Amino acid sequence: MSSCGKNENPQEMNRRKFLKVFGGGAVASSAALYGCAPKNEPGAAVALGEVPTDKMTYRQHPTNGDKVSILGYGCMRWPLKQGSDGKDQIDQEAVNRLVDYAIEHGVNYFDTSPVYVQGMSEKATGIALARHPRNSYYLATKLSNFQNYTRENSLAMYRQSFRDLQTDYLDYYLLHSIGGGNGIELFNDRYINNGMLDFLVKEREAGRIRNLGWSFHGDVKVFDYVLDMGVKWDFVQIQLNYLDWKHASGRNVNADYLYGELEKRGIPAVIMEPLLGGRLSNVPDHIVARLKQQRPENSVASWAFRFAGSPDGVLTVLSGMTYMEHLQDNIRTYSPLIPVTDEEKDFLEETAQLMMKYPTIPCNDCKYCMPCPYALDIPGILLHYNKCVNEGNVPKSAQDENYAKARRAFLVGYDRSVPKLRQANHCTGCEQCNPHCPQGIDIPKEMQRIDKFVEELKVNG
């Protein structure tokens, strides 16, 4: 809570600051800071002020002494540009600028994968980081053998990571996204039956891997099984945020359970999806106002990052920061981290319950479903739908009071954010995307539902 003079009423002070910063009706603008802002408008409302260079909060790994920045850079959403062939490619100059700025301001943990940004992330990350001393950052990547988990392919993927990242050792290496599919059987096929876990343990002994862990989405039986299988795990990556703490949806497991099990064993937690792919910053107007009333000078996103970083057993919190505005805002939040109080935890639990009343689709924009064989922009479609839900632009019937305005906002925004040839009506229902979704979304079903909704809006104009 903001400080105030001895004779001033704290609530009145908060109200005045709120109005001063945001005016009478501009509170919705901060909803565009993450996730759903148009590509040419990366952030409509960012917490302004100095970006400290020497105040980053660090956490020490309990067994190896690594001093890790609480803000970790997730390299899943590097900025893109169109190549001469018309296809997306990573904007390497932009990546270099972001990495340089992050390191200058205290960020030292970078997390990537062979499958991020349609297979381009590791190489781009390696190019950017190779310009800095190797001992100035910690590098994390993953064995992302989702489709072909033969030993031969898994070894090839592992070795390619070293080449693309331009390194001879990996600080943190993960078995990627265990818990999906048919659970323990799939885990065993990907890592046990092919001998890959034994191989990686030996690589740790040889020093080519400094810390071995895994990331989790899915069946809690797999989580418990892998924790108790007798392997020394140096860290585990889990999805944790104030909505998933007690109200995880789909195949996900409540984060209070996941974190609690790690804490009991003294295993550091690396946090992913602190913003739920932007859904905890792109929130309905009244949620924005609710958060801003408490901390007027801070962004909506900062609440989620403070919550995710507050538990003592959290080593780092990953954020996929596409734009400089995102990076600067998160650096402010963690320079230094002000842990959430017990009262704020209760406040965020109430906020989570309010958010559950909004029927958004649990897409985190991870793009594991991409590329679609029929060229659909699956994340773009789902994120546009969620944005309109939060803004009240999904009318249930033509009798709704604001039907005409909401109808136009949905249809115009749809055409602007998703090219016509990549919209939901082109879905064939092939279901190639479904096994890859860590949130367990039935993507063809949602495509059909959204397409039907769009057609009804067009007919009822």
Side-chain angles (χ1 to χ4, degrees), residues 32-39 42-43 46 69-81 88 90-92 94-99 101-103 105 107-126 128-129 137-142 144 172 174 176-177 215 217 237-241 243-244 270-282 299-302 304-305 308-309 314 316-331 333-334 362-370 377-380 382-383 386 436-439:
L33 175 56
Y34 293 82
C36 295
K39 291 180 180 178
V46 184
S69 58
I70 191 70
L71 176 59
Y73 214 125
C75 305
M76 179 189 286
R77 299 182 176 97
W78 284 135
L80 300 174
K81 64 180 182 179
D88 285 341
I90 288 183
D91 186 340
Q92 189 65 51
V95 173
N96 291 352
R97 285 194 298 271
L98 289 165
V99 167
Y101 193 92
I103 290 176
H105 289 77
V107 177
N108 67 5
Y109 189 99
F110 295 84
D111 170 272
T112 184
S113 156
V115 299
Y116 287 174
V117 200
Q118 301 178 47
M120 298 183 285
S121 176
E122 279 192 330
K123 186 167 286 188
T125 303
L129 287 174
Y137 58 87
Y138 299 110
L139 186 53
T141 193
K142 308 173 182 72
S144 309
Y172 291 80
L174 299 90
H176 194 181
S177 194
S215 63
H217 286 288
Q237 189 165 305
I238 59 172
Q239 182 166 312
L240 185 154
N241 51 72
L243 189 60
D244 281 331
V270 171
I271 304 307
M272 57 184 164
E273 299 298 349
L275 280 181
L276 270 177
R279 281 186 284 147
L280 295 187
S281 60
N282 189 34
S299 69
V300 170
S302 69
F305 282 103
V314 169
T316 189
V317 179
L318 301 176
S319 177
M321 298 167 282
T322 308
Y323 300 105
M324 187 63 75
E325 292 92 333
H326 301 175
L327 176 57
Q328 290 172 334
D329 187 46
N330 292 343
I331 291 169
T333 299
Y334 283 145
C363 174
N364 289 354
D365 194 25
C366 67
K367 296 183 175 63
Y368 287 6
C369 57
M370 299 295 283
D377 182 1
I378 296 169
L382 298 179
L383 292 176
N386 285 346
H436 306 297
C437 179
Q439 307 302 322

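Small disclaimer: the values here were computed from a predicted structure and weren't measured.
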Counting only N and O atoms by type, is there a donor-acceptor contact under 3.5 Å from the side chain of [X] to the main-chain atoms of [Y]?
X    : Y    : result
T322 : R77  : yes
E273 : L240 : no
S215 : S177 : yes
Y101 : M324 : no
D111 : G74  : no
S113 : K142 : no
S299 : S302 : yes
T316 : S69  : yes

**OP:** Apply the test side chain to side chain contact (heavy atoms under 4.5 Å, CB included) to residues W78 and D91: give CA-CA distance (whole Å), side-chain angles for both, the deciding distance (0.1 Å), then the verdict.
**Re:** CA-CA 8 Å; W78 284 135; D91 186 340; over 6 Å; no

State, with a plain yes or no, whether a side-chain heavy atom of [X] is found less than 4.5 Å away from one of [Y].
X    : Y    : result
Y172 : L139 : no
N108 : I103 : no
P379 : M370 : yes
Q237 : I271 : no

**OP:** Check the pair H176 / Y368 against ring pair (Phe, Tyr, Trp, His ring centres under 6.0 Å), numbers first and verdict last.
**Re:** CA-CA 12 Å; H176 194 181; Y368 287 6; 5.6 Å; yes

Write down the atom of [X], the atom of [Y], and the distance for their closest heavy-atom approach.
X    : Y    : result
L327 : A102 : CD2-N, 3.9 Å
A304 : L275 : CB-CD2, 3.6 Å
P274 : L280 : O-CD1, 3.5 Å
D244 : Q239 : OD2-NE2, 2.6 Å
V115 : S144 : CG1-CB, 3.8 Å

Original post:
Given L71 and V317, is the side chain to side chain contact (heavy atoms under 4.5 Å, CB included) satisfied, shown in steps?
Top reply: CA-CA 5 Å; L71 176 59; V317 179; 5.8 Å; no

Looking at [atom1] of [X] and [atom2] of [Y], how far apart are the two atoms once the value is rounded to the nearest 0.5 Å?
X    : Y    : atom1 : atom2 : value
L80  : I90  : CG    : CD1   : 6.5 Å
M321 : C75  : CE    : SG    : 8.5 Å
N241 : R279 : CG    : CZ    : 8.0 Å
L129 : N96  : CG    : CG    : 9.5 Å

Original post:
Considering the options F110, Y73, Y137, which one meets the side-chain contact (heavy atoms from CB on, under 4.5 Å) requirement together with V99?
Top reply: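 Looking at F110, Y73, Y137, the match for V99 under the side-chain contact (heavy atoms from CB on, under 4.5 Å) is F110.
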
Original post:
Run the side chain to side chain contact (heavy atoms under 4.5 Å, CB included) check on L98 and Y323 step by step: do they pass?
Top reply: CA-CA 8 Å; L98 289 165; Y323 300 105; over 6 Å; no

Original post:
Would you say K123 has more than 12 foreign heavy atoms packed within less than 6.0 Å of its NZ?
Top reply: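 Counting neighbours around NZ of K123, 12 or fewer heavy atoms of other residues, nucleotides or ligands fall under 6.0 Å, so no.
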
Original post:
side chain to side chain contact (heavy atoms under 4.5 Å, CB included) between V95 and T125: does it pass, once the steps are laid out?
Top reply: CA-CA 8 Å; V95 173; T125 303; 5.7 Å; no

Original post:
For T112 and T141, what are the C-alpha separation, side-chain angles and deciding distance, and is it a side-chain hydrogen bond (donor to acceptor under 3.5 Å, both in side chains)?
Top reply: CA-CA 5 Å; T112 184; T141 193; 5.0 Å; no

